[in-house]
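The next block holds one structure in the form of structure tokens; read it before the comments.
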Amino acid sequence: MIEARVMTIWGDSGPYLTRVTLGRLRLHVFHRGDEDPDCHDHPADFWTFPLVTYVEEFIDRGGVRQWRLVRAFRLHQRRAEFAHRVIGPAVGTGQVATIVWWGRERRPWGFHTAEGWVGWRPYIEGKAREVGGDA
């Protein structure tokens, strides 16, 4: 029997994402957009079915950052290497919910910075040093 897991990820300004996981099937509820200024990628390919149209920043094949609408009630396939940021709902304020089918993990997760790709742990640790000094 597969057990459901619920986890909320917090950021500097409060809750960011609540994730309900049931095997490879997930429900993501974004309480707000990404705080990080840099786009991130994922460890696995995934398919997402948004329940709300939202705005996404992404890095196109030429390396240019762009914004677009991700339409609700349409299936969107994403490769693990796809670099993006969730900005927020396309209209008004509130949460963005998506149903996700998570593929097999095949790579590390990280951020695309001006200096190049950085793994998630050094990226997060670097942010902590910037905020807290040399502690």
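- Here Arg106 pairs with Asp45 in a salt bridge; the nearest charged N to carboxylate O distance falls below 4.0 Å.
- Linking ILVMFWY residues whenever their side-chain heavy atoms come closer than 4.5 Å, directly or via other members, leaves Trp117 and Trp120 in distinct clusters.
- Annotation: side chain of Glu35 is in contact with side chain of Asp12 (closest heavy-atom distance under 4.5 Å).
- Atom CG of Leu69 and atom CZ of Arg71 lie 5.0 Å apart (nearest 0.5 Å).
- Annotation: cation-pi pair Arg68/Phe58 present, NZ/CZ under 6.0 Å from the ring centroid and within 45° of its normal.
- Under the 4.5 Å side-chain contact rule for hydrophobic residues, Tyr16 and Met7 share a cluster.
- The nearest pair of heavy atoms linking Thr48 to Pro50 is O-CD, 3.6 Å.
- Taking the side chain as every heavy atom from C-beta outward, His40 and Trp109 approach each other to under 4.5 Å.
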Would you give me the side-chain donor-acceptor pairs under 3.5 Å for residues 95-104, sequence neighbours excluded?
| from | atom 1 | to | atom 2 | distance (Å) |
| --- | --- | --- | --- | --- |
| Gln95 | NE2 | His31 | ND1 | 2.9 |
| Trp102 | NE1 | Glu105 | OE2 | 3.4 |

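- The side-chain heavy atoms of Arg19 and Ile9, taken from C-beta on, include a pair separated by under 4.5 Å.
- The shortest heavy-atom contact between Ala4 and Leu22 is N-CD1, 3.9 Å.
- Side chains of Arg107 and Asp41 form a contact here, defined as non-hydrogen atoms less than 4.5 Å apart.
- A distance of 4.5 Å separates CZ of Arg26 from OG1 of Thr21, quoted to the nearest 0.5 Å.
- Side chains of Arg32 and Ser13: a donor-acceptor N/O pair is present below 3.5 angstrom, by distance only.
- Two residues are said to be in side-chain contact when any heavy atoms from C-beta on lie closer than 4.5 Å; Phe111 and Pro37 fail this criterion.
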side-chain contact (heavy atoms from CB on, under 4.5 Å) between Asp38 and Arg65, intermediate numbers included: CA-CA 10 Å; Asp38 299 303; Arg65 289 170 72 144; 4.0 Å; yes
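- At a threshold of 4.5 Å between non-hydrogen side-chain atoms, the residues Thr53 and Val70 do not count as touching.
- Residue-environment remark: CZ (Arg121) stays at or below the threshold of 12 foreign heavy atoms within 6.0 Å.
- Leu27 is listed as a side-chain neighbour of Val29, based on a closest heavy-atom distance under 4.5 Å.
- Atom CZ of Arg79 sits about 11.5 Å away from atom CZ of Phe46, to the nearest 0.5 Å.
- For Pro15 against Thr8, the heavy-atom pair with the smallest separation is CB-CG2, 4.0 Å.
- Contact of the Val6 side chain with the Thr18 side chain is registered, since non-hydrogen atoms from C-beta on lie closer than 4.5 Å.
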Please table the atom pairs, donor to acceptor, closer than 3.5 Å between any side-chain atom in residues 82-94 and protein atoms at least two apart or in another chain.
| from | atom 1 | to | atom 2 | distance (Å) |
| --- | --- | --- | --- | --- |
| His84 | ND1 | Glu56 | OE2 | 3.2 |
| His84 | NE2 | His42 | NE2 | 3.0 |
| Arg85 | NE | Glu57 | OE1 | 2.6 |
| Arg85 | NH1 | Asp34 | O | 3.4 |
| Arg85 | NH1 | Asp36 | O | 2.8 |
| Arg85 | NH2 | Glu57 | OE1 | 3.1 |

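- Phe73 and Leu75 end up in the same hydrophobic cluster when Ile, Leu, Val, Met, Phe, Trp and Tyr side chains are linked at under 4.5 Å.
- Taking both residues in full, the closest heavy atoms of Pro43 and Ala80 are given as C-CB, 4.0 Å, listed atom of the first, atom of the second, then distance.
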